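Structure, as structure tokens:
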Amino acid sequence: MLFSFSVRSVTGRAAARLAAVTAVSALAATAVVTGAGRAVADGTAPGQGGATATIDGLKTYGAAVIHGDAGDQEVSAGLFEMSVEGGGTLQTYCVDIHNPTQKDARYRETSWSGTSLGVNEDAGRIRWILQNSYPQVNDLAALAKKAGVSGGLTEQDAAAGTQVAIWRYSDDADVEAVDPQAERLADYLHQHARDLGEPRASLTLDPPAVSGRPGALLGPVTVHTDARRVTVTPPADSATSGVRIVDQDGQAVTSAADGSRIYFDVPEDAPAGTAALTVQASTTVPVGRAFAAESRSQTQILAGSSESTVSAVASATWAEQGAIPALSAAKNCAEGGVDITAVNKGDEAFTFGLMGAEHTIAAGETRTVTVPLQEDRSYDFTIRGPGGFEQRFTGVLDCRTQGSATGGEATQTLSEPSPATVGGTGTDPDPDTNLAETGGSGVTPLIGGIALALLILGGGTLLVVRRRDTATRD
């Protein structure tokens, strides 16, 4: 079984931002494993878990000024709100000052290692800021006193000051709040921040994919969550397939807790196939968890959470003989790519090609292979295996802030941002613009026009923009 991978090149910083967004609908990079199989894995891919949310807008904000080689740039700075799928609301700050936030972008909870925070030695200080400022500290009078802000703080001041302090660590940005009270808070938070560890995920399953032979318990899959209980939903076709979700004693499982070990019970006469279970709970997501967008939209970090719905998926693959693969994926920003973990519980080797190299997973072996990808690039590839096995992995690699990616060069934006309103009232920005004016504003119509043009020209059109003097880097 051979897996080949290809990525379409769209480079040049400003052009890359356009190409990355349009790639999602018209020019997604694709790689396919040849072999038998039907699509069996949709929705949340194994390896992902936690809250999934759609960004609603910048709700509580003030103004800030970014000082750069190209001049000063005034932007909005403050708290976003997100609506959680299944119920709940999140409040977030952004951690990529020069990147626009796309309207209605869909986000998933993720580990720091899958974002720019994973390669930022100051990520723990950002978490300290979140825990010691607004909205975690709701007593603004006490916060002002602690920060030495003599004039007091409004919610807009507190949100703007907190965001500015975060940007100084997330982007190493020369940025200050316009309002003096907000700037005083930003200085206090920046100077007093201490290193804290990464918070645990709200809900994950480990491992997210298992495999084996029918007639045996496949697993275990261990539940990790800060919720008191989670609901366990068996595969959708369990009534006809006979696949059950059980504990180690073979007893049916419908709920579980942190540390619970659950298994797929596959009938002995079941034909080769795959199945997936879902666990779901209601809990508050830990402050400091990262949220990465499925499209090209700036990474967010959690500042506050209501009781929210969280979920995770685990899959199982089985066959009587031959290779029996189980696959999961995770972004690895330290290596600049996506880690594909392959487990082979079969009696034959599982072989696939990856970026021009062939990899063989022997029977009983587990191996992780890193797929190197270019920054700001959409990826979309599918691995197929025997017995109808098929797993698709999609996303955008967003491992660096624009400042770090450009090596300190002046920021290039598609258009100048509109001035922010000092001491904003918390109303939504214009619905026809990006939600945050942090380095790119008003580009949505332009992106839409380009996407439409590409569709008219044909889905097979390839957009290539050559990056100046960077051929040797690729």
Side-chain angles (χ1 to χ4, degrees), residues 13-14 17 55-81 92-103 105 126 129 133-134 147 149 151 153-190 297-301 303 401-406 408-447:
R13 190 65 195 184
R17 293 195 180 282
I55 200 159
D56 293 331
L58 191 59
K59 299 295 185 178
T60 307
Y61 58 93
V65 175
I66 307 169
H67 304 293
D69 294 340
D72 291 348
Q73 189 177 55
E74 190 168 305
V75 297
S76 298
L79 270 175
F80 290 87
E81 285 190 7
T92 61
Y93 290 104
C94 85
V95 289
D96 194 351
I97 191 172
H98 294 294
N99 212 9
T101 301
Q102 302 301 328
K103 181 176 173 60
I126 296 173
I129 292 171
S133 191
Y134 183 75
V149 181
L153 291 167
T154 65
E155 290 183 342
Q156 290 75 29
D157 294 336
T162 305
Q163 177 66 92
V164 166
I166 289 171
W167 278 334
R168 291 174 183 175
Y169 281 121
S170 65
D171 295 73
D172 194 25
D174 183 4
V175 58
E176 62 182 357
V178 170
D179 186 273
Q181 284 82 4
E183 174 63 12
R184 182 67 188 90
L185 175 62
D187 287 343
Y188 165 79
L189 295 170
H190 182 235
S297 186
Q298 65 186 187
T299 302
Q300 304 284 312
I301 190 166
T401 61
Q402 182 174 351
S404 63
T406 56
E409 296 178 2
T411 300
Q412 296 181 356
T413 58
L414 298 176
S415 62
E416 291 298 323
S418 303
T421 301
V422 176
T425 61
T427 56
D428 285 333
D430 188 319
D432 293 328
T433 66
N434 289 321
L435 299 178
E437 297 160 341
T438 53
S441 66
V443 300
T444 303
L446 179 58
I447 291 172

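The model shown is predicted, which means the values in this text are computed figures rather than measured ones.
- The CD atom of Q300 lies 5.0 Å from the OG1 atom of T101; values are rounded to the nearest 0.5 Å.
- Of the inter-residue distances, the one linking K103 atom NZ with I55 atom CD1 reads 10.5 Å to the nearest 0.5 angstrom.
- The side chain to side chain donor-acceptor pair (under 3.5 Å) search around T299 returns D398, not counting sequence neighbours.
- Closest heavy-atom contact between V164 and A177: CG2-N, 3.9 Å.
- Between I301 atom CD1 and I126 atom CD1 the span is 5.5 Å, to the nearest 0.5 Å.
- The two residues A64 and A77 have their closest heavy-atom pair at CB-CB, 4.0 Å.
- A donor-acceptor contact shorter than 3.5 Å links the side chain of T162 to the backbone of A158.
- At a threshold of 4.5 Å between non-hydrogen side-chain atoms, the residues V95 and I166 count as touching.
- Residues E176 and H67 have side chains that bring a donor and an acceptor to within less than 3.5 angstrom of each other.
- Looking at Q298, its side chain does come within 3.5 Å of a backbone N or O of N99 through a donor-acceptor pair.
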Step-by-step side-chain contact (heavy atoms from CB on, under 4.5 Å) determination, V75 to W167: CA-CA 12 Å; V75 297; W167 278 334; 4.2 Å; yes
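- If you take NE2 on H190 and CD on E183, they are separated by 10.5 Å, rounding to the nearest 0.5 Å.
- Side-chain N or O atoms of R168 include one that pairs as donor or acceptor with a backbone N or O of V175 at under 3.5 Å.
- Qualifying side chain to side chain donor-acceptor pair (under 3.5 Å) partners for E155, counting only residues two or more places apart in sequence or in other chains: none.
- With values rounded to the nearest 0.5 angstrom, C94 atom SG is found 7.0 Å from D171 atom CG.
- Across all their heavy atoms, T60 and A159 have their closest contact at O-CB, 3.3 Å.
- Here the closest non-hydrogen pair linking H98 and I66 is CE1-CG2, 4.1 Å.
- Taking Y134 as the reference, nothing meets the ring-ring contact (aromatic ring centres under 6.0 Å, His included) condition, with sequence neighbours excluded.
- Taking OG1 from T92 and CG from L79, the interatomic distance works out to 7.0 Å, rounded to the nearest 0.5 Å.
- Proximity of R184 to D179: side-chain heavy atoms (C-beta onward) are nowhere separated by under 4.5 Å.
- In terms of heavy atoms, A182 sits closest to D157 at CB-O, 3.4 Å.
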Please report the C-alpha distance between S297 and Q102 in whole Å, then the side-chain angles of each, then the deciding distance to 0.1 Å, and finally whether the side chain to side chain donor-acceptor pair (under 3.5 Å) criterion is met. CA-CA 5 Å; S297 186; Q102 302 301 328; 5.9 Å; no
